[in-house]
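Report on the structure given below.
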Amino acid sequence: MEILDSLNPEQQEAVTKTDGYLLVLAGAGSGKTRVLTYKIAWLIEHKKVKSWDILAVTFTNKAAAEMKDRIEKLIGEVAKQVWMGTFHSFCARLLRRYGELLGYSRNFTIYDADDSKNLIKKIIKDKGLEIKIPPKGIAGKISKAKNNFILPDKYPIYDFQSNRIKEIYKLYQEALKSNNAMDFDDLLLNACKVFQESKEALGRFSFKYILVDEYQDTNKVQYELLKLLSKKYGNLTVVGDEDQSIYGFRGADIGNILHFEKDFPQIHIVRLEENYRSTQTILKAASAVVSNNKFRIGKELWTNNETGNKLSLYTARNANEEARKVVEVIKKYKRPLKDFTVLYRTNAQSRVIEEALRRENMPYIIVGGIRFYERKEIKDILAYLRVLMNPDDNISLARIINTPLRGIGPKTRRFLEDYAKKERVPIYFALKKVNKIKKIILRKQKVLKKFFKLMENHRCKLGKPAKLIENILNETGYLDMLREEEAIEAESRIENLNELIAGAGEYETLEDFIESVSLLTNIDEWDETQTRVTLMTTHNAKGLEFPIVFIAGLEEGLFPHSSSFYDEAELEEERRLFHVGLTRAKERVYLSYAQSRRGYSFCLPSRFIDEIPADTLEMSEELLPADFIEKMHADSHPAHRMGGTHRFNRR
DNA sequence: AGAAAGGTGATTTTT
DNA sequence: TCACCTTTCT
């Protein structure tokens, strides 16, 4: 069969072993995407499986689209009917259909982190609760609980704080429901609930063959979903690499891959250990680093690629100098800019690098950070759309009721809310009854009525999303508001809105548009045909490859991040993250750290640098004299971001 | 009562 | 750099 010809024996085994439970341990650059695409092609072409009987779950929408594309090239149009997407998009589709079983209507809104935060804030304020943890932190704790299948009633209480969180968690879930909204975690959790409660739903979504990419980053709920979905036919292929598990903070459970053998009967395991991406040197360095981890299955990656150059390490005096050095090296190469990526641990680091690139007129693109759809003006307009689709969505309504300014301040809103609560209607419908709310003066009533009428006009006849956005921008005065602003940023906001309209043009219905916008991932917006230097966090780089990779900010406390110092498991995750960074590179790796950064001086180089074998690493020419470094270490007060891990072991 | 202006503190990673 | 809070102005 020609499909198999271009695959190595292990890859062939992973492709042709179609029945039963299969775990493919695929090291970085070992061609796992290739295996998945070919496997789906093999199923359809050779095993005559109907394409709609196959479900493939990927980590990003982009990965799904690409895979679909590649399968189509292999076997043609039939590939179009394979169910492909992220866990979240799959669950959303299921819940549009079966959410009613849980008391949701099909037009429910998907809340992002910002919406969740606002909702929690509102709950705390309304109830006058006292709690020291900021809303974002509470959202994090609730999310963690959800990812571990802990419902509000089961939330453990061990002190005053946790008791409060439990209370807020409960109220939060109730509020979500009355807003007809789900957060990201609910999508997974509720999908599970649907399957547990409805045989019909489970039957309809039990695929004959299920394939999962990036399995090491699944959480308990996703794991449970897979168990439910694969039960009927028992054909499940998961592909993953425990050394690339980097999403523990959002509930990803590395145990899912470490214990896969125990949990699924008669499991078959295939290891892909040949790396097709990197040089021998890069691979050696990366393997040595990650071998310091205890929580791993362990594998030996090897490659037939050439030895290649050593990794370089550059010591900068500060973040600016580090950024300048990065740009200088890129310039020296005289290669297409798309060959380069600069990786960092935190989004905040991008700024200095951006500035340095801009100074040299070098075009760049940032993946992640403040995302397009998270910008204020975009979220405002989306809030209009969401209220039109789902009038129960009070959080979105709160966003727009006085944007642009209509003179509806906190007081008036309070009255509206009180009425809505008393009459048990959504706030949106309280707008219809403003004349019944005596507390609101006549002049304000008029304004509210006007706003309501405007919304209702659109709600009755929802046209195509692009046109709808245009109308809203004009009729609400949002565009005028921006035009009147003197600030330069108003102009870029208008540009962004035009971009939004252009983006919406690709969708026929408002539902489709909102859904895909809500479930977009960072990397989905990245276009690899672009011609610029790519800047992103190491997290976002997963699954990508570049000829030349820079990893900046390799300081103790930053990478590894100080928050991981006290927890061995978290420290190992940082190490895996670094390993992911290294293995993105095909040809060359440049590492750097700064001795001082945003108010911190005497930063120590990352311990991960020490873990790179000496014969694969060289110091960049501008290294400071050794005695200077020694003195610096002796003088330093490591307490600031060292978390007590005193280390003076530099050569 | 609502808007604008001014000051302050905090910044891990993300579906 | 930005989001959030307080103070001051209309």
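All values reported here derive from a predicted model rather than from experimental measurement. No hydrogens, no waters, no symmetry mates; every other heavy atom, side chains included, goes into these values.
- Within the 4.0 angstrom heavy-atom criterion, only backbone atoms of the sugar-phosphate kind lie near A:Lys121; the bases stay farther away.
- By the salt bridge (charged side-chain N to carboxylate O under 4.0 Å, His left out) test, A:Glu66 pairs with A:Lys62, sequence neighbours left out.
- The side-chain contact (heavy atoms from CB on, under 4.5 Å) check on A:Arg96 picks up A:Phe108, A:Ile110, A:Glu515, with sequence neighbours excluded.
- Residue contacts shown for A:Phe87 are absent, as no nucleic acid heavy atom lies under 4.0 Å away.
- For DNA chain B, the neighbouring residues in residues 408-419 of chain A, judged by any heavy atom under 4.0 Å, are A:Gly409, A:Pro410, A:Lys411, A:Thr412.
- Residue pairs meeting the salt bridge (charged side-chain N to carboxylate O under 4.0 Å, His left out) criterion with at least one partner in residues 343-356 of chain A, sequence neighbours excluded, are A:Arg345-A:Glu574, A:Arg351-A:Glu355.
- Applying the side-chain hydrogen bond (donor to acceptor under 3.5 Å, both in side chains) rule to A:Asp241 yields the partners A:Gln244, A:Lys299; only residues at least two apart in sequence or on another chain are considered.
- Nucleic acid contact for A:Asp112: none, since no nucleic acid atom lies under 4.0 Å from a heavy atom of the residue.
- Within the cation-pi definition used here (under 6.0 Å to the ring centroid, within 45° of the axis), A:Arg250 qualifies as a partner of A:Tyr247.
- A nucleotide of DNA chain B counts as in contact with chain A when one of its atoms lies under 4.0 Å from a heavy atom; the first and last such, 5' to 3', are B:dA1 to B:dT15.
- Among the heavy atoms of the strands lying under 4.0 Å from A:Thr521 are primed sugar atoms or P, OP1, OP2 only; no base atom is included.
- Within the 4.0 angstrom heavy-atom criterion, no nucleotide atom of any strand lies near A:Asp185.
- For A:Thr86 and A:Pro134, each mapped to the nucleotide of DNA chain B holding its nearest heavy atom, the one lying further toward the 5' end belongs to A:Pro134.
- Residues that satisfy the side-chain hydrogen bond (donor to acceptor under 3.5 Å, both in side chains) test with A:Asn292, not counting sequence neighbours, are A:Glu611.
- Between A:Asp243 and the choices A:Arg576, A:Arg296, A:His579, A:Gln216, the side chain to side chain donor-acceptor pair (under 3.5 Å) rule is met once, by A:Arg296.
- Counting any heavy atom pair closer than 4.0 Å across all strands shown, A:Lys117 reaches sugar-phosphate atoms only and no base atom.
- For residues 394-406 of chain A, every residue pair satisfying the salt bridge (charged side-chain N to carboxylate O under 4.0 Å, His left out) rule, not counting sequence neighbours, is listed here: A:Asp114-A:Arg399, A:Asp380-A:Arg399.
- Residues passing the side-chain hydrogen bond (donor to acceptor under 3.5 Å, both in side chains) test with A:Tyr507 are A:Ser516, sequence neighbours excluded.
- With sequence neighbours excluded, the residues satisfying side-chain contact (heavy atoms from CB on, under 4.5 Å) with A:Leu405 are A:Asn402.
- Backbone-only engagement by A:Leu405 is indicated by non-hydrogen atom pairs under 4.0 Å involving sugar-phosphate atoms exclusively.
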Grab the N/O contacts between the protein and nucleotides 7-9 of chain C below 3.5 Å, and write none if there aren't any.
none

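- Among residues two or more places apart in sequence or in another chain, the side-chain hydrogen bond (donor to acceptor under 3.5 Å, both in side chains) test is passed with A:Asp185 by A:Ser143, A:Asn147.
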